[in-house]
Each structure stands twice: as structure tokens, then as C-alpha cells.
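Here the structure comes first, spelled out in C-alpha cells, and everything after it is commentary.
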Number of protein chains: 2
Amino acid sequence: MFFGTLFIMKLTARQQEILDYLHSEHRRSGIMPSTREIQKHFGFASQTAAVSHLRALEKKGAIVKEERKARAVMFADAADREPIVDVPIYGAIPAGYSDDTEPTPDGTLSVDVCSMGLTERSKAYALKVRGESMIGAHIMDGDHVVLEYREPRDQDIVAALIDGETTLKRFVTSGRKPYLKAENPDYPDLIPAQELLIQGVMVGLVRGASRRW
Amino acid sequence: MFFGTLFIMKLTARQQEILDYLHSEHRRSGIMPSTREIQKHFGFASQTAAVSHLRALEKKGAIVKEERKARAVMFADAADREPIVDVPIYGAIPAGYSDDTEPTPDGTLSVDVCSMGLTERSKAYALKVRGESMIGAHIMDGDHVVLEYREPRDQDIVAALIDGETTLKRFVTSGRKPYLKAENPDYPDLIPAQELLIQGVMVGLVRGASRRW
DNA sequence: CGAGGAGGGGGACAGATGAACACTAAAAAT
DNA sequence: ATTTTTAGTGTTCATCTGTCCCCCTCCTCG
């Protein structure tokens, strides 16, 4: 075959496993596993197994190696991988909205910028939803809502500081003066949006496991 | 200062140069420069110059190094990151459930294993939800549902192959025989779960931007 | 039947790489 | 005024890591 190296040939299941491992490790820590680390991770008794898999991946065009350099594996399709941003998770955002000493996050959510439509520059954060106040917008208790700092537009879902507590509400400007509306009949809605701190605009939602639907 | 290493201290101009070089090289090729490559790039006569700069950057919290590992420099924000897996997104899963030739994914979703409770080994995939058949479980049209291949348990939400199409349904085993139930009164529910292919069990949900809530 | 590829085991070797030690000099902090 | 930090030079050492060689068992394809 003359143009063999130009095509990305089909990988076997095992080769795909290796490639996935390289990918996730490299994206998590930024460090490419060495052949002996691959060996350990897959439980190979010999380092040769890892080496030959790398060679196969290179022959099929999935990776490019630089010879005789440590951890020097590049992905051939590097371009179409979306960058990852780390979004800090807060249980709630206390009054100090834009102060420098941010509250300690309760964890971190890693999302690719594409799925949330984030830019790498935008300081996004996540809020763990408590209660059912936005159940009408299909936001459940325990969901993680990803928010971005920007000006709210009509019908945006925003995090607002009400009575010292951060709450999700829908931002409505249909009338003359904007107001906030809860998406649950049991909750008070129609709070004038003046004098209220809008802490962020919802751009995405992540619902995790370890819960019942 | 007792807790100096907890804060990101101000870098000197030279240290910032080094950090920028690491950043740009790592983004360009995915490979972190070795100490000798840093040395060459900045024209140091001695390798120690590079090493001491790295040490200074680590002391100031800009990077985290893994000792005695080649090119093992992480940027501080990546150090405590959870492993990330890429899950392929399918618009739908055609009849061939467990065949080797998987349908070409419509994209990729990157999630940290922690937020979905995935294991790195589990072959997860995502399904773009069409329609409102599961609106009662607060799964909206356009959401991405993350699924895992495993045996469904009672009340799990599963992807099932019904009439050649993949649909989300709740798996119920309350009675004698298991059945599938739609979470929308407008949709037919109570489909006997026998003779049906369960293609996956929902473990998470990602709702992206570029849509209206 | 033979050839080749996938997937692996065992071990040796050499170059790549991080780390350590000694010493210098200027700037910055105390 | 003294100490600490920054920013280096020069050299050696230990280990990390890629590479190479020879071996094996399954498969599949011609």
C-alpha cells in the first residue's frame, strides 16, 4: 500500500485501550506515561508489550513518536481535541462576590470547553443545586450547574444573591423592569432584579451518578 | 511566612519566561521540555540553571514536579485533577449492539470520572436525547446522557433498542417481570423488558450551552 | 502449508534525564 | 550590614527510559 501512513488505520480493541490510557493520562496530568508505566498499568510482565503497542499505534498513524526521547509521544489528531477547563465547585457563594479571596471550592469539575460553550478565558464555576426551586427548568437537587460571569440576558437562568444566599432563578426582562422568577410554584417568584447581585449565568449542567433518578 | 507554599507567590520576570516557555512547548507538542532542553533554549551554559529555576517555580506553587521522573512537570492547576475519559457521542445506536464496527461518533464528550462515578475501565458512551420522552425524569431534548454497559437495576434509566431505535426508558422490576416505563404520559410505557436489548445504563447527564432553557 | 500480524515474556544496553555538590556574583530583603 | 533570594557555571552520579534482541502462542490469509 503506497499511502498507508496517510490513513488512520483501524485500531484493535487493545490498541484503542492503550491509546485511551495515554490520552486520559496526558490530559489529566499533562505527563505522558513512559513505556514502563504503561506496562505497570496494564499489568504486562514485560516492557516489550507496551513498546510493541506503541509501535503499532505509530504504524497506524494514531501517534507520532520522537526517537530516543523520554515520554515523547504526540497524538496525531491533537488538533480536534477540545481543551479541558477546571471549574471549581462551590456549595454556595457567600456575600463577597468579586473579592480576591475566593471561597474554598468543594471540588473541581473538569469539562471540555466545547460541551459547555465556554471559552478558556471565561472564569466559570459550578454550583451544587440544593432544593427543587428550579425543577420546572429540569434542574434537580444535587445537580451541578456551571455558571459564567457575564451580563444576563432575557430568560437566562442566573445565580443571584438573595438574603445572603445564592439561589438559581430565571432572569426575565419581558416587562419594563427585570425580575427574577423561580421555576417552582412552591417558591416565591417575581423578585425585582434591582439591588440584587447576579453572580453568574448558567451555561451548562452536569448530573452525576451515585444518586437515584 | 509559615504557609508560603500554599500561596502562589509572585514570579520574577525570568521565572515567568521559563514558565511561558514550558507552557508554549507543552501546548504545541504535548511534550514537556527536559532540563537540558530548557538549558539549550535559554542558552544556559549549565544545566543547573534550568534545574534551579524549576525548583523556584515549584516552591512558588506554579508547577508541581514528580521526583526522578523524566519530563514530569505538571502545571499547578492540573496537579489535583481527576482522571478524564473521552466518551463518544452517538445520535443513536443502530441494531448491531455489541458488534465490533461501532458507529462513527458524532463527537466526543470529556468528563472527569469522578463526577459521573465512572471507572476508567468502563466503556461509557453518550447519547444525544431526542424528544421529551423522559421529561418526567428531568431529561430534556438535546441533553447528553452518559451511559455505561452493565446490568440494569430496578429504577435505573436505560437505553433500550425498541423497533430498531434507541430510546431512554426507566427499568422497573417491581412486579414479577421487568418492564420499561417512559417518563412522559404522552408516551407508551410498560413495555415488557424481555426480548429487548438494554444498550446501557444511565450514569450521568451533561446539558450544554447554545440552547435555551 | 507458510507468512505475517497481534499480543506477550525476559533480559541487556546505552543514551536521556533528574539530582546533587561546590562555587560565584549581583540583587533584594531584613 | 547581614542574610536570603535570584541567577548562574561546571561536573559527577544514579536512575529513568527507549531500544534492541531472541523467545513464545494464537490467529488469519493466501
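Source: prediction; values computed, not measured. Chain naming here is simple, since letters A, B, ... match the order of the sequence lines and numbering starts at 1 in each.
Checked against a 6.0 Å centroid threshold, the rings of B:Phe75 and B:His26 count as neighbours.
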Exercise for the section: Kindly determine whether A:His144 and A:Leu109 satisfy side chain to side chain contact (heavy atoms under 4.5 Å, CB included), including the steps that lead there. Expected result: CA-CA 9 Å; A:His144 286 106; A:Leu109 215 58; 4.1 Å; yes
Problem - side chain to side chain donor-acceptor pair (under 3.5 Å) between B:Ser133 and B:Asn184, intermediate numbers included - result: CA-CA 5 Å; B:Ser133 71; B:Asn184 186 334; over 6 Å; no
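With respect to B:Glu17 and B:Arg14, a salt bridge is recorded, a charged nitrogen being found less than 4.0 Å from a carboxylate O.
Rounded to whole angstrom, the span from the NZ atom of B:Lys60 across to the C1' atom of D:dT6 amounts to 8 Å. With rounding to whole Å, A:Arg55 atom CZ is found 7 Å from D:dT19 atom P. Here D:dC20 presents its C1' atom at 12 Å from NZ of A:Lys65, a figure rounded to the nearest Å.
Along DNA chain C, the stretch of nucleotides lying under 4.0 Å from any heavy atom of chain A spans, 5' to 3', C:dA6 to C:dT17.
For the contact set between residues 20-39 of chain B and DNA chain C, defined by any heavy atom under 4.0 Å, the members are B:Ser34, B:Thr35, B:Arg36.
A donor-acceptor pair under 3.5 Å is formed between the side chain of B:Arg81 and the backbone N or O of A:Arg28. With B:Glu58 contributing its side chain and B:Lys65 its backbone, the two residues share a donor-acceptor pair below 3.5 Å.
Of the inter-residue distances, the one linking B:Arg71 atom CZ with B:Glu37 atom CD reads 4.0 Å to the nearest 0.5 angstrom. The CG atom of A:Asp143 sits 7.5 Å away from atom CG of B:Leu205, with the distance rounded to the nearest 0.5 Å. Atom CE of A:Met140 is separated from atom CE of A:Met134 by 14.5 Å, given to the nearest 0.5 angstrom.
In this pair, A:His138 and B:His138 present their aromatic rings tilted. The plane angle is within the 30 to 60° band. Ring-plane geometry between B:Tyr125 and B:Tyr90 is classed as tilted, the angle between the planes lying from 30 to 60 degrees on a 0 to 90 degree scale.
Looking at which nucleotide of DNA chain D each of B:Ala56 and B:Lys69 is closest to, the 5′-most match is held by B:Ala56. Both A:Val51 and B:Arg68 lie close to DNA chain D; mapped to their nearest nucleotides by heavy-atom distance, the more 5′-ward contact belongs to B:Arg68.
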Check nucleotides 8-10 of chain D for protein N or O atoms closer than 3.5 Å to its own N or O atoms and list the pairs.
unit_1, atom_1, unit_2, atom_2, d
D:dG8, OP1, B:Arg14, NE, 3.0
D:dG8, OP1, B:Arg14, NH2, 3.2
D:dG8, OP2, B:Arg14, NE, 3.4
D:dT9, OP1, B:Ala45, N, 2.9
D:dT9, OP2, B:Ala45, N, 2.9
D:dT9, OP2, B:Ser46, N, 2.9
D:dG10, N7, B:Ser46, OG, 2.7
D:dG10, O6, B:Thr48, OG1, 2.3

